There are 4 protein chains.
Amino acid sequence: MSEFAWPQGKAAAAAFTFDVDAESAVLWNDETVGARMSIMSHQAYGPLVGVPRILDMLDRHQIASTFFVPGHTAVRYPEAIRSIVAAGHEIAHHGYLHEQPTSLTLEEEIDVLDKGLVALADVAGVRPTGYRAPMWDLSWRTPALLAERGFLYDSSLMDADHPYELSITPGASESLVELPIQWALDDWEQYCFLPDVSGSGLIESPRKARELWQLEFDGLRRVGGCWVLTNHPFLSGRPSRAAELDDLMRYVLGHADVWVTNLATIAEHVRSLGLAPRTITPPG
Amino acid sequence: MSEFAWPQGKAAAAAFTFDVDAESAVLWNDETVGARMSIMSHQAYGPLVGVPRILDMLDRHQIASTFFVPGHTAVRYPEAIRSIVAAGHEIAHHGYLHEQPTSLTLEEEIDVLDKGLVALADVAGVRPTGYRAPMWDLSWRTPALLAERGFLYDSSLMDADHPYELSITPGASESLVELPIQWALDDWEQYCFLPDVSGSGLIESPRKARELWQLEFDGLRRVGGCWVLTNHPFLSGRPSRAAELDDLMRYVLGHADVWVTNLATIAEHVRSLGLAPRTITPPG
Amino acid sequence: MSEFAWPQGKAAAAAFTFDVDAESAVLWNDETVGARMSIMSHQAYGPLVGVPRILDMLDRHQIASTFFVPGHTAVRYPEAIRSIVAAGHEIAHHGYLHEQPTSLTLEEEIDVLDKGLVALADVAGVRPTGYRAPMWDLSWRTPALLAERGFLYDSSLMDADHPYELSITPGASESLVELPIQWALDDWEQYCFLPDVSGSGLIESPRKARELWQLEFDGLRRVGGCWVLTNHPFLSGRPSRAAELDDLMRYVLGHADVWVTNLATIAEHVRSLGLAPRTITPPG
Amino acid sequence: MSEFAWPQGKAAAAAFTFDVDAESAVLWNDETVGARMSIMSHQAYGPLVGVPRILDMLDRHQIASTFFVPGHTAVRYPEAIRSIVAAGHEIAHHGYLHEQPTSLTLEEEIDVLDKGLVALADVAGVRPTGYRAPMWDLSWRTPALLAERGFLYDSSLMDADHPYELSITPGASESLVELPIQWALDDWEQYCFLPDVSGSGLIESPRKARELWQLEFDGLRRVGGCWVLTNHPFLSGRPSRAAELDDLMRYVLGHADVWVTNLATIAEHVRSLGLAPRTITPPG
């Protein structure tokens, strides 16, 4: 059992989060994919069908969730994004066209951060406090750029079972709350297949994905950690996957010692602990 | 539960469909594969063994089905295609040599559409009302080309749980019925492996594929959607896969509130509803 | 139920076959792999450990089996090959260095066929009557080359559930017995992983592989077909995989209506039926 | 049952081993990966979280284990490595930056061997007696280089179920103890996914990995072999995977006829048997 101090005597935390990538994730770095109507429709399932289904599920379970929304998605599907806000969920930053920060120059990285902020403000009147790097591919300069823009937290690193304060550059006293994630708690690897574009080619049963995620929930609960599940509406919004997710929500909520909420709320709690920032240094 | 109006008080619909690709799917874009006798024989299993086995199964269950037949398959295996017609099933269009529309010029796309129509007419005396893009890779111009040729429906998009009327170009009043499909309801990802040619390298057990498809049937039934399963005779025609499919047909038919029929019949019903066409626009 | 006439009132046939590829399968087309000692040792497990274990299993079950042996394997592991012969099993041809026929010129294809024959004769005193194309990648000219050399059968095609007589060229009256195989009845897809060299990267549990093979045995038995399982001693010779295979042998032998024997015996039976040869033509 | 002579009347041996690759495994051959903070954090999970969790587990079970540590990891995470030593476990050699020997010139191979020795000496005061080639990719010259440096054993070959004495060059009387491993007893194939960097894209459930490893334990126990499991702290250190590993340790220890210890202890026993060295020759 770790020493991490969860509020209200809770032993661990859990968050159901959603990356509303829609078309952005496949358009970035290959605009020709825009000419493929079926692929575009595969991605559009997310905002059109997945988001309403997921909002309904969260409402039934009374779970506060976080939706990471690329600016491009907000502009293309404003109603979907506003419905998320209207339902009381958190909107967080996920790039503009789902750009991987490590593939960008500094200028480009700044540009897409700012374009994403503008889109979320224009479409949904939201100023996000959280960020997740597309493809969980944070660059070493991203934390400082986020801090300059007043972000409270990032959720893209994989080196801990529970949140921490991350120095925005090695040794800096200024910090960002980090809410770690992991590849095994993502639905992309289990479900995504777009020939020539994404995926291993295999598609798993929702039963298998749910077993994987539930076992890791049990494990992180035992060690007092923070379980952050990442689902994509265009994948996990499909009926049978949503049904397993629904059942998993029931399972998670059945554990009274686990704090289930959105990432901003967790990050605020972490910030309130006054933890000493931790420095991560690039390999020499 | 969606509001979609199924006939006869049914709550949802289900269709077992088959893509009779045979050699076409591997020959297109790589003619050298034609020199590989084993690969050709792998594909030939479809019309030679898979089709008769599947026709027998459909007959025992009294299920009306849709077979998507590339023109090349019709020309190479006329008896197989005529046996499908003789059994009362629908024949629909699936390109000539399984060409992906987004890889073609406009002229090429028109050419293969027309060549496919000629082949189906010549071999089977059929004028199809339905189309499915090879590799489910519809181009933005395909809907208008289909409408010009009198097609009633397409089955290549992935952005809904139930059928709709699709404007043939953004904003047009003319429309095509769209019967959406999805990658998880396809047997290719579960079973296909041809070294250097297709597949991830893994081959799944028919038990796993059946679980996946059955869970999504349950899910789509619950939301009042349209479950469209796509199988390939060269894959799912193998005895153990056919046995699981047979059992799945029994399971699906065991739900009296589900309308089980072919795609043309579903499309005609959709057309009769007089739905307002929906516009899909390419990303900007 | 097919009409195929099995002897002794049997309803179906089953053969456990083994491809003793050893190093040849990875050396062909990439000789640099020979510099990698660990990879060489991975392949050497086959003749060194897998073959004795499998021979012991076959002996306990009193199953007559067929071993496909590349000439290179025979020269490098003569004792292993002689032990197969001494145990009364059939040795069949599998190329010299596991060359895929469709990658060879006619001269090269002839050369490796003859070098393979010489190696099997020199090492084991055997003149094989059966052939299996490495990677099941038969060329259209292979059947005639086999007939010229007096082969009785090939086992590389995938277009039927039961054996047939194959015209050695389209329309020829001379024929070869074909004993069809399929990718799902192979252990490579389930177990093989050599980074940068072979495999999808995933390794399946022997329980899953056995389920897959057993379901297809059940399926082929029901339709009166011929179940040909292909295992590689360097893969299925590992203890837990061998244990599942051992159990599967027990299962197969538990069906008294199935004729379990080696491929040469099956091919001789097929030949005795005097079937009309079947012509397969390349795609136009 | 093999004839291998295990001590104390034991029937078989088992070792839980860990490769503490951390960042080295992904940095080698592609330094640009160092610019990707998320990937670095994925690897850092090993020494930061995985190692303490695994040490705790080994302590509870009182299992003596072997940790293969690249020099780069030792330099970057000295506390983690010293904690392994302090817990009484064996530290063995695993290259400097996880270099695959077959990709190196002789000079480079010598250089990384020596740099690794220096790092382990400097950081942990350790002179290892064991070696495992990164990616299990031993070169034919590595055994002699190891013998020159006084190593007792290597654990990178795959051609046996139990240990043996390996001639350091073909025909040499000098030998190295070889403790064979296999790909199916590794957690990389089951769990690793880093987009564009490593893995098939699929991530398995810990239940499946554990079934695979346990079946092979049962199998190797039956044949009197040596079961060597290889886990990576950055993968199997995750809570649910660690939980399955914990349970597997319990299972293995529940077999009183199996000798559970670290590789150095097994190697010393093998050396004490005075076995005749075995020669492996490269393919001609």
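Computation of the quantities below employed the complete heavy-atom set of this structure, encompassing side-chain atoms and omitting hydrogens, waters and symmetry-equivalent molecules. These figures come from a predicted structure and were not determined experimentally. Numbered from 1 within each chain, the chains take letters A, B, ... in sequence-line order.
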- [ ] Test side-chain hydrogen bond (donor to acceptor under 3.5 Å, both in side chains) on B:Ser236 and B:Asn231 and set out the steps.
- [x] CA-CA 6 Å; B:Ser236 288; B:Asn231 278 190; 3.3 Å; yes
Open item on the list: Using the rule given for salt bridge (Lys or Arg N to Asp or Glu O under 4.0 Å), can you reason through C:Arg210 versus C:Asp247, listing the C-alpha separation, both sets of side-chain angles and the distance that settles it, and then say yes or no?
Closed with: CA-CA 9 Å; C:Arg210 185 255 177 86; C:Asp247 217 50; 3.0 Å; yes
Open item on the list: Go through it in stages, so that I can follow the logic: the residues are B:Arg53 and B:Asp56, the test is salt bridge (Lys or Arg N to Asp or Glu O under 4.0 Å), and I'd like the CA-CA distance, side-chain angles, deciding distance and then a yes or no.
Closed with: CA-CA 5 Å; B:Arg53 179 164 293 145; B:Asp56 176 62; over 6 Å; no
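Under the 3.5 Å distance criterion, the side-chain polar atoms of C:Glu108 are matched with a main-chain donor or acceptor of C:Thr105. Counting only distance, with no hydrogens or angles, the side chain of C:Arg149 and the backbone of C:Leu145 share a donor-acceptor pair below 3.5 Å.
Top candidate by heavy-atom pairs under 4.5 Å with chain B, chosen from C:Trp183, C:Phe217, C:Trp140, is C:Trp140. Of the listed residues C:Asp137, C:Leu212, C:Ile280, the one with more heavy-atom pairs under 4.5 angstrom with chain B than any other is C:Asp137. Highest contact tally toward chain B, considering only C:Gln182, C:Met135, C:Arg141, is held by C:Gln182 [criterion: heavy-atom pairs under 4.5 Å]. For chain C, the option among B:Pro195, B:Ser200, B:Ala243 with the highest count of heavy-atom pairs below 4.5 Å is B:Pro195. Heavy-atom pairs under 4.5 Å with chain C peak, among B:Ser24, B:Gly34, B:Ala44, B:Ala242, at B:Gly34.
Within the model, atoms CG of B:Leu229 and CG of B:Leu220 stand 11.0 Å from one another, a figure rounded to the nearest 0.5 Å. The CD atom of C:Glu178 lies 10.5 Å from the SG atom of C:Cys226; values are rounded to the nearest 0.5 Å. With values rounded to the nearest 0.5 angstrom, C:Thr17 atom OG1 is found 9.5 Å from C:His94 atom NE2. In this structure, the separation between CE on B:Met40 and CG on C:Leu138 is 12.5 Å, given to the nearest 0.5 Å.
Listed in order of number, the residues of residues 77-90 of chain B that approach chain C to under 4.5 Å between heavy atoms amount to none.
With B:Tyr191 as the aromatic partner, B:Arg238 does not meet the cation-pi criteria of under 6.0 angstrom to the ring centre and within 45 degrees of the ring axis.
The number of heavy atoms from other shown groups lying within 6.0 Å of CD (C:Glu31) does not exceed 12.
Interface remark: C:Asp218 contributes no atoms to any contact with chain B (heavy atom separation under 4.5 Å). Contacts between C:Thr142 and chain B at a heavy-atom distance below 4.5 Å are absent for every atom of the residue. Within the 4.5 angstrom heavy-atom criterion, only side-chain atoms of C:Thr102, from C-beta onward, approach chain B. Contact of B:Leu48 with chain C is made through the side chain alone, with heavy-atom distances under 4.5 Å. Heavy atoms of B:Arg76 lying under 4.5 Å from chain C belong exclusively to its side chain. Looking at B:Glu204, both its backbone and its side chain come within 4.5 Å of chain C, counting heavy atoms on both sides. C:Pro143 touches chain B through its side chain: at least one heavy atom from C-beta onward sits under 4.5 Å away, while N, CA, C and O do not.
The two residues B:Arg207 and C:Leu215 make their nearest non-hydrogen contact at NH2-CD2, 3.4 Å.
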